[in-house]
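One structure is given below, encoded as structure tokens.
Just so we're on the same page: letters track the sequence lines, and every chain starts at 1.
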Amino acid sequence: MKTTRCYLANDTSSRAAGAGRLADAWSDRPEIQLIRTSSRGAFFLEPMVERDVPNGREAWFNVLPNDLPRIVGGVGGTPIAEIPFLQQQARFTFANFGITEPLALDEYQTRGGLKGLAAAQSLSPEAIVEALRISRLRGRGGAAFPVWKKWQAAQQTGSELKYVVANADEGDAGTYCDRMIMEGDPFRLIEGMMICARAIGATRGYLYCRYEYPAAARTMRFAIQKAREADLLDCDDYPFDLEVVTGAGSYVCGEETALLESLEGRRGVVLAKPPYPAESGLYGKPTIVSNVLTFATIPNILANGGAWHASLGTEGSRGTMALQIGGRVKQPGLVEVPFGLTLHDVLDRFGGGMAPGSRFKAVQVGGPLGSLFPESQLDIPICYDAFAEVGAILGHGGIVVYDDETDMVELARHFMAFTADESCGKCTPCRIGSVRGREILERIQAGEGTAESLDLLKDLGETMKATSLCALGGRAPYPVLTAIEHFPEEFKKGLTH
Amino acid sequence: MTTRHRPGLAETLETCRPVPPAKPNILKTLLALQSALSHVPTSAIPQIAQVLGVTDAQVAGVLSYYSDLRTQSPGRHLIRVCMGESCTANHGGRVLRAIQDHVRVAAGGTTPDARFTVEQMSCAGNCAVSPTVMIDEDLCGRVTPSEVPSLLERYR
Ligand SMILES: Cc1cc2nc3c(=O)[nH]c(=O)nc-3n(C[C@H](O)[C@H](O)[C@H](O)COP(=O)(O)O)c2cc1C
Ligand code: SF4
Ligand code: FES
């Protein structure tokens, strides 16, 4: 019997959508050979099954076990090239997604993997940093700091021991691109970290992975083992080793100094800067802490040159951004596009409008510390400058859409409660302010608020913004204050006079 | 089910004993203990501190700081309902209520027969297939309140 090769994603979200059930149902079917790949990130179509056709692949969407005869018969498939959600993207960092098997190192290499590392090996450490300066890459973890400046500081700080740490805490609700990279293209992350190690002279790396991502941690451990066996880690007699460490459910441990405290096994409490980790980080040694997506962006920059990267995007925001669309939209999923599209374009072209039966109310960009935007403000371009101008952030690229059934007072309370739960407790405005903020909102919910409640909330917010040590306390007021600004009537309803 | 040898407290602790120049790592030790014992009993704090060469207070401080470290054994199945923004936007709150009603225990509690512990969690990174419920290591997406009974039926 002829066997048809079929491709099915094996990442956490595809499995949660039913890919595992398909694989189980078809495990003893001789007519197909199932290759488990990464996901393309068009999660609204998962579980999606693909097969080879003469010029590419065809796909079947939202597949159920009894769709197998149609797939094997080649009936009703859609060419990948005709899926608008995918075709309108510019996939560079996510070029392999949906195509390769995550742990196939040879496939990674055939598709251009390790070229960036090879290029880095032919350059001096200074020249690597120069390539990053030209690329104008900014960190993708949230703070958007120029990557080359951090690397240069670590490079120029003399020390026997230096460290590279990948921040895989991915705490912002609504974000999942780091998880996708670790589960779907792990060698790209390893390659990015190794380029960094070469540039700064580090011999040891850690990947700090959140507890909620067991599959990502497992895939990374396998990938590191494979890279080690292939003698990839010790390149050019230059020893480098990498270890995966898991966190234990603390949002603030995504903040770099708290992360390093946690990596040393202590309570993940934020430390005042300076000293910056690039000068004095893990165990007091120069340490680069960068986000997973940042590291994964770097191999292409070294392979194609900094100027290539700088040619994409807008003036202050070069390259592409991995936007992660979630919430009440028709087409949630991962979108890699150059910076510069408007929020409206992204929601319209990729999000595909609202989920059936629901109406748009607001969208939040940048995770739990990000601002809310009403319909009238969707023409803002997705880039760091435009967002900074209105006091908003892109953060890690999370975009969550809320429908008209959303209770804004409850949402605001949720954010304050989140901050109160996650505050590391180091500074008073955050530790106490968030609890007070939550209490005020609870009083409004109970119908016991007064006209002063909202003023009090605003004052509290301004104090937290101005005096908190880190962005958890400093940015927590933004979603709350933007909710009040755009939906004042909902808050006023709960006031007695 | 196959029975595997489950290392006990002392045995697991021994694997975490720091070998100089490596420094003791409290969090890593507690995670290793939790993975072996399902939780970290507070009664073990002095023993942990002694093996690591740190104070009891340091161990207790770390144990209480991290929300995923638990000091009590959970039920046979741990149900975690995501309360992150994408799941909330997709009305995950209704799923949580359906689960609480079905197993008759509030979030944070364990059923009297110790079959289920119900908890809330923040984002599971499954936002594009939300609302999300995590049962043990299985992640379920696009969960609706009406499918809760059949979903839980699989976990005895
Ligand atoms: C409360 C808080 C949480 C954070 N969480 C994360 C996170 O989950 N992942 C991340 O990469 N950066 C996070 N950051 C930003 C880090 O402190 C740091 O800026 C970042 O890891 C640097 O990497 P980058 O330059 O690649 O962005 C967080 C910051 C704060 C204040
Ligand atoms: S703002 Fe909050 S989380 Fe940040 S250091 Fe202060 S108390 Fe800790
Ligand atoms: S918000 Fe629930 S999985 Fe991300």
Would you list the atom pairs in which one atom of chain B and one of chain A form a donor-acceptor pair under 3.5 Å?
{"residue": "B:N25", "atom": "ND2", "partner": "A:L263", "partner atom": "O", "Å": "2.9"}
{"residue": "B:L27", "atom": "N", "partner": "A:G265", "partner atom": "O", "Å": "3.1"}
{"residue": "B:K28", "atom": "NZ", "partner": "A:E243", "partner atom": "OE2", "Å": "2.7"}
{"residue": "B:Q34", "atom": "NE2", "partner": "A:Y211", "partner atom": "OH", "Å": "3.0"}
{"residue": "B:G61", "atom": "O", "partner": "A:R267", "partner atom": "NH1", "Å": "3.0"}
{"residue": "B:Y65", "atom": "OH", "partner": "A:G268", "partner atom": "O", "Å": "2.5"}
{"residue": "B:Y66", "atom": "OH", "partner": "A:S262", "partner atom": "OG", "Å": "3.0"}
{"residue": "B:Y66", "atom": "OH", "partner": "A:R266", "partner atom": "O", "Å": "2.6"}
{"residue": "B:Y66", "atom": "OH", "partner": "A:G268", "partner atom": "N", "Å": "3.1"}
{"residue": "B:S67", "atom": "OG", "partner": "A:G249", "partner atom": "O", "Å": "2.6"}
{"residue": "B:D68", "atom": "N", "partner": "A:A248", "partner atom": "O", "Å": "2.9"}
{"residue": "B:D68", "atom": "OD2", "partner": "A:G249", "partner atom": "N", "Å": "3.2"}
{"residue": "B:E85", "atom": "OE1", "partner": "A:H414", "partner atom": "NE2", "Å": "2.9"}
{"residue": "B:S86", "atom": "OG", "partner": "A:G327", "partner atom": "N", "Å": "2.8"}
{"residue": "B:N90", "atom": "OD1", "partner": "A:R328", "partner atom": "NH1", "Å": "3.0"}
{"residue": "B:N90", "atom": "ND2", "partner": "A:G327", "partner atom": "O", "Å": "3.1"}
{"residue": "B:H91", "atom": "NE2", "partner": "A:D403", "partner atom": "OD2", "Å": "3.2"}
{"residue": "B:R94", "atom": "NH2", "partner": "A:E405", "partner atom": "OE1", "Å": "2.6"}
{"residue": "B:C123", "atom": "O", "partner": "A:R210", "partner atom": "NH1", "Å": "3.0"}
{"residue": "B:C123", "atom": "O", "partner": "A:R210", "partner atom": "NH2", "Å": "2.9"}
{"residue": "B:G125", "atom": "O", "partner": "A:R179", "partner atom": "NE", "Å": "2.8"}
{"residue": "B:G125", "atom": "O", "partner": "A:R179", "partner atom": "NH2", "Å": "3.1"}
{"residue": "B:N126", "atom": "OD1", "partner": "A:S13", "partner atom": "OG", "Å": "2.5"}
{"residue": "B:G141", "atom": "N", "partner": "A:A16", "partner atom": "O", "Å": "3.2"}
{"residue": "B:R142", "atom": "NH1", "partner": "A:E46", "partner atom": "O", "Å": "3.2"}
{"residue": "B:R142", "atom": "NH2", "partner": "A:F43", "partner atom": "O", "Å": "2.8"}
{"residue": "B:R142", "atom": "NH2", "partner": "A:E46", "partner atom": "O", "Å": "3.2"}

Top contributor to chain A interface from B:C87, B:P131, B:G141 [non-hydrogen pairs under 4.5 Å]
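Looking at each of B:C87, B:P131, B:G141 in turn, B:G141 comes out on top.
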
Which of [options] touches chain B most, by non-hydrogen pairs under 4.5 Å:
{"options": "A:A355, A:G333, A:P368, A:G268", "answer": "A:G268"}
{"options": "A:G20, A:G247, A:A248", "answer": "A:A248"}
{"options": "A:G171, A:A173, A:P214, A:A16", "answer": "A:A16"}

Identify the two heavy atoms, one from [X] and one from [Y], that lie closest to each other, and give their separation to 0.1 Å.
{"X": "A:G174", "Y": "B:C123", "result": "N-SG, 3.7 Å"}
{"X": "B:A128", "Y": "A:P332", "result": "O-CG, 3.2 Å"}
{"X": "A:V400", "Y": "B:A89", "result": "CG1-CB, 4.1 Å"}

With a 4.5 angstrom heavy-atom cut-off, is it the side chain or the backbone of B:L139 that approaches chain A, or both, or neither?
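Looking at B:L139, backbone and side chain both touch chain A.
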
Which portion of B:P24 sits near chain A, non-hydrogen atoms under 4.5 angstrom
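The backbone, not the side chain.
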
With sequence neighbours excluded, what pairs up with A:F373 under the ring-ring contact (aromatic ring centres under 6.0 Å, His included) test?
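Partners of A:F373 under the ring-ring contact (aromatic ring centres under 6.0 Å, His included) test: A:F387.
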
Hits for ring-ring contact (aromatic ring centres under 6.0 Å, His included) against A:F94, two or more places apart or cross-chain, chain-then-number order -> A:F97

Who pairs with B:T12 by side chain to side chain donor-acceptor pair (under 3.5 Å), at least two apart in sequence or on another chain?
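With sequence neighbours excluded, B:T12 shows a side chain to side chain donor-acceptor pair (under 3.5 Å) to no residue whatsoever.
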
Chain B contact via [X] - side chain, backbone, both or neither, heavy atoms under 4.5 Å:
{"X": "A:V401", "value": "backbone"}
{"X": "A:V252", "value": "side chain"}
{"X": "A:L263", "value": "backbone"}
{"X": "A:C177", "value": "neither"}

